[in-house]
Amino acid sequence: LRSRVRGQYASSDNAGEAIAGALLGALTGAGTPRAFAAIHNGTDVPNAFALELAITSQGEGRFDFGPYQGSGDTGYRIAFTPGASPTVQLLKATQGGVAVIDSWEGDLGRSVEFEWTRNEDGEMSVSANGETLFEVSDRSFRDPFQGFLMLNGGGDFTVERVAVSG
C-alpha cells in the first residue's frame, strides 16, 4: 500500500489572512493540513496483541497506526515522523483528547520495521529495526479493540507489511 498526501493549508475568505497563514505555516513548518489519508480495518483486535508494520518513507511527513475502539477516535497510536527531526511517539487517544505516553527521537532510516506488543496487564513494548524504543504500562483500555487504523498526515509512505495477532 502506498499513500502520498501533499499538505495544504486551510484557505480563508480573507485574502490577507490566507496569505499570512500560508507564510506563517511555511516559516514555522506549522499549519493545519487539510488533506490526509486514512484506512481502517474493522476486524476485532484483542486487548493483548502483537503488531508488526514495515514502512518506507520518502522524506518528511507523519504516519500514525494502531488499534482503536468505537468509531476510531479512541485507542492507541504510534506516530512516526521521519525527516529532519525524526520522532516516534506512543499516543493514547481518549474522549478527553490525545496524550503522549512516551516519545523517542532519532533517525531510523527510510525503511522501518515496527514491532509492538501489549499484554493483558497493559504492559507495552515498541521496537523499530530491532531496537527497543519504549517499554511502558498503560491500563486505560481494558476492553478489546474494534479495529486497526493507519493515518497518513502528510507525506509519501509505502506500507510493505502489516500483521496483527492476539
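Residues take their numbers from the sequence shown, with the count starting at 1.
Between Arg139 and Arg118, the shortest heavy-atom distance links the atoms CA-NH2, 4.0 Å. Across Ser111 and Thr56, no two heavy atoms sit closer than the pair OG-OG1, 3.1 Å. Among all heavy-atom pairs drawn from Gly83 and Glu60, the shortest one is CA-OE2, 3.5 Å. Contact record, Pro82 with Gly59: CG-O, 3.3 Å, taken as the closest heavy-atom pair. The two residues Met150 and Val162 have their closest heavy-atom pair at SD-CG2, 4.1 Å. Summarising the geometry of Ala54 relative to Glu113, their closest heavy-atom pair is CB-CG, 4.0 Å, with the distance given to 0.1 Å.
In this structure, Gln89 contributes its side chain and Ser103 its backbone to no donor-acceptor pair below 3.5 Å. At distances below 3.5 Å, at least one donor-acceptor pair connects side-chain atoms of Asn129 with backbone N or O atoms of Leu108. For the pair Gln69 (side chain) and Asp143 (backbone), a donor-acceptor distance under 3.5 Å is present. Judged purely by atom type and a 3.5 angstrom limit, Asp121 has no side-chain atom pairing as donor or acceptor with the backbone of Glu123.
Among Asp64, Val88, Leu51, the one residue that satisfies the side chain to side chain contact (heavy atoms under 4.5 Å, CB included) test with Ile78 is Val88. Each of Phe157, Phe80, Phe114 was compared with Phe65 under the ring-ring contact (aromatic ring centres under 6.0 Å, His included) criterion, and only Phe114 meets it. Screening Val136, Leu133, Asp138 for a side chain to side chain contact (heavy atoms under 4.5 Å, CB included) involving Asp102 leaves a single residue, Val136.
Distance check: Asn119 CG to Met124 CE gives 9.5 Å after rounding to the nearest 0.5 Å.
Side chains of Asn47 and Glu120 form no contact here, defined as non-hydrogen atoms less than 4.5 Å apart. Side-chain contact between Val164 and Asn41 is absent, with no heavy atoms from C-beta onward closer than 4.5 Å. Two residues are said to be in side-chain contact when any heavy atoms from C-beta on lie closer than 4.5 Å; Val45 and Tyr68 fail this criterion. Side-chain contact check for Phe49 versus Pro67: some heavy-atom pair is nearer than 4.5 Å.
Put simply, Leu53 and Ile39 are part of the same group of oily side chains (I, L, V, M, F, W, Y) that touch within less than 4.5 Å, one to the next.
Judged as a side-chain contact (heavy atoms from CB on, under 4.5 Å), and not counting sequence neighbours, the contacts of Glu135 are Ser125, Thr132.
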Take Arg62 and Leu151 through the test side chain to side chain contact (heavy atoms under 4.5 Å, CB included) and record every step on the way to the result.
CA-CA 8 Å; Arg62 176 173 162 159; Leu151 300 169; over 6 Å; no
Could you walk me through whether Trp116 and Leu90 satisfy the side chain to side chain contact (heavy atoms under 4.5 Å, CB included) test, starting with their C-alpha distance in whole Å, then the side-chain angles of each, then the deciding distance to 0.1 Å, before giving a yes or no?
CA-CA 10 Å; Trp116 179 7; Leu90 179 58; 3.6 Å; yes
Could you walk me through whether Ile101 and Tyr76 pass the side chain to side chain contact (heavy atoms under 4.5 Å, CB included) test, one step at a time?
CA-CA 9 Å; Ile101 297 173; Tyr76 292 112; 3.7 Å; yes
